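Presented below is the structure to which this report refers.
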There are 2 protein chains.
Amino acid sequence: MNDACIKSDKDASNIRMRQIRETAVSEVIESERETRLSADGLIRLLEDDILNSVLKPGDRLDEQSLARRFEVSRTPVREALRHLASSGLIDIRKNQGATVKRLTTAELIEMFQVMAEYEGLSARLSARRMTTAEIAEMRNWNEECRVRADKEDHDGFYAANNMFHEAIFHGSRNEFLQEESRKLRNRLNAYRRHITTQPRRMQKSVIEHGRIADAIVAGDEDTAHSLMRQHVDLLAGTAADVLLALESETTE
Amino acid sequence: MNDACIKSDKDASNIRMRQIRETAVSEVIESERETRLSADGLIRLLEDDILNSVLKPGDRLDEQSLARRFEVSRTPVREALRHLASSGLIDIRKNQGATVKRLTTAELIEMFQVMAEYEGLSARLSARRMTTAEIAEMRNWNEECRVRADKEDHDGFYAANNMFHEAIFHGSRNEFLQEESRKLRNRLNAYRRHITTQPRRMQKSVIEHGRIADAIVAGDEDTAHSLMRQHVDLLAGTAADVLLALESETTE
DNA sequence: CTTTTTTGATTTGCATACAACATTAGTCGG
DNA sequence: CCGACTAATGTTGTATGCAAATCAAAAAAG
């Protein structure tokens, strides 16, 4: 019934769906929980808080406060923090506690470049391996993107866009790739929303998605790879500007 | 003087050099250590043991034994294990302890595909950014590869080959990429040696290296990317056979 | 003799206590 | 009034103790 292993971050496959639907989940008061959760559970909760920007970059994570809040001792809290640290979501500095990691523009650009490669590879593999059912699903999500884009529904587009990309990752049949990209996306999450809300971006994305889908269906892996990389890289390019602007503000 | 942070696995940049030179380091008797090391140090030591195959896939990591061996309590040991778990080197199953992660062939192939993309991206970025000094170094390492290959010196080739690839990662000027590839290489390390010792492989590698270097010097990023991916993918391809063979043995 | 159950030993998970370090506030000297 | 040093406070790092879970071996039933 439990089996809440740690393995290497596996599980958590449907996290993104949850993100989309609930957006700000953890309004559930902790005291209402039935079972006293442990380190494994804490990881999930803290991760959610960071992903949903309840905890913002730079925020301090005080062991004692967290222990009180979750009604456990500091030991499991510390272990959860350690985990988050090595997955890159927080920084732990010796004797100085943990803070939500704040990324510099340079780091973000670097990470987006790697993300673009993940996506490119997933498109390449999908061009080889995707089933007809999966292709249909991918197309459906892009159709959803189009609908949302026409309505100027940024949040809806954001969600549908995620599902489109997710569909391609799934089609790649490479679980390791999916897992690594999930982790990276989590790390970028706090900065990601600022980007897709660019003026003409949504319409362009829908068109690019279409071309990528075509290449995948045609089984043209090089084209699929290349188009997808450029698609994501473009986002990264425009992202750089946005982010440089953000950097001047006090993120606080 | 200390500053042995955890951040996100940073530091440890020269680990690979150390690997090459020392190969089986930890013959240093633990009791001869001056300062009682702590969690951060443990991580490094255990990592080294796994990387140098002192600890083999499937081996159990007993908290108490480790605590005794390193002369600390179980607490820092547990935290170190947690860290290794989330960096993917070991598995922790609830109430069942930690074991060195054993990878299936399928997982290895998936990981090699991602590694190939890392390398491809690093070649692409190097084609844009490498300085003349770095180019010279890259060429030198391939020359070293040639010398070692002619002598049928597998270990020497292995080291020089690593340095060639390392040089290209360095030239990419993308620290995040370097870091991620370092982590992945660590995870693959235990299985990697079996691969480069294929019959004609060394000579072929030297030639492929040459072509990659040419593309980088010419600033042809697409070609550099593509050649490098194929170069590494090839290794993965031949690797698959070797690994399938290995799988039948009892790795024990 | 095989299969199942139960009991004991071992190991992990969590809580608490203590020690080391960092930060801050306060005091003293300039 | 300002800066440097010292003391007090709080937070993190480690050690140890205890409870719960797992695993192994012995005993009982078939």
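Throughout, a chain's letter reflects where its sequence line sits, starting with A, and its residues are numbered from 1. Predicted model only: the values in this text are computed from it and were never measured.
- Distance Leu42(A) CG to dG13(C) P: 14 Å, rounded to the nearest Å.
- One atom, CG of Asp40(A), and another, P of dG13(C), lie 8 Å apart when rounded to the nearest Å.
- Taking atom CD1 of Ile92(B) as the reference point, atom P of dT22(D) lies 16 Å away to the nearest angstrom.
- For the pair Phe70(A) CZ and dC14(C) C1', the computed distance is 16 Å after rounding to whole Å.
- A distance of 10.0 Å separates CZ in Phe176(B) from CE in Met115(A), rounded to the nearest 0.5 Å.
- Dashed line: the shortest gap from a side-chain N or O of Arg78(B) to OP1 or OP2 of dT12(C) is not under 4.0 Å.
- In summary, Asp49(A) and Lys56(A) do not engage in a salt bridge, as defined by a charged side-chain N under 4.0 Å from a carboxylate O.
- Here dT23(C) is the nucleotide among dT11(D), dA15(D), dT23(C) with the atom lying nearest to any side-chain atom of Gln96(A).
- Side-chain polar atoms of Asn174(B) and Gln113(A) form a donor-acceptor pair below 3.5 angstrom.
- Atom-to-atom, CZ of Arg93(B) to C1' of dA21(D) comes out at 14 Å; the value is rounded to the nearest Å.
- Both Leu61(B) and Arg74(A) lie close to DNA chain C; mapped to their nearest nucleotides by heavy-atom distance, the more 5′-ward contact belongs to Leu61(B).
- Taking 4.0 angstrom as the limit, Gln64(B) places a side-chain polar atom (N or O) nearer than this to OP1 or OP2 of dT11(C).
- Here dT12(C) presents its P atom at 9 Å from CG of Leu81(B), a figure rounded to the nearest Å.
- Out of dG13(C), dG13(D), dT11(C), the shortest distance to the side chain of Asn95(B) is found at dG13(C).
- In this structure, Arg60(A) reaches the dT12(D) phosphate: one of its side-chain N or O atoms is under 4.0 Å from OP1 or OP2.
- Side-chain atoms of Thr75(A) lie closest to dC14(C) of the nucleotides dT11(C), dC14(C), dG13(D).
- In this entry the distance linking CG of Leu66(A) with P of dT11(D) reads 12 Å, nearest Å.
- Using a 4.0 Å cut-off between charged nitrogen and carboxylate oxygen, Arg102(A) and Glu107(A) do not count as a salt-bridge pair.
- Between Ser73(A) and the phosphate of dA15(C), there is a side-chain N or O to OP1/OP2 separation shorter than 4.0 Å.
- In the set dT12(D), dC14(C), dA15(D), the nucleotide with an atom closest to the side chain of Glu79(A) is dC14(C).
- Nearest nucleotide to the Lys94(B) side chain, out of dG13(C), dG13(D), dT11(C): dG13(C).
- Rounded to whole angstrom, the span from the CD atom of Glu63(B) across to the C1' atom of dG17(D) amounts to 15 Å.
- Using a 4.0 Å cut-off between a side-chain N of Lys or Arg and a carboxylate O of Asp or Glu, Glu180(A) and Lys183(A) qualify as a salt bridge.
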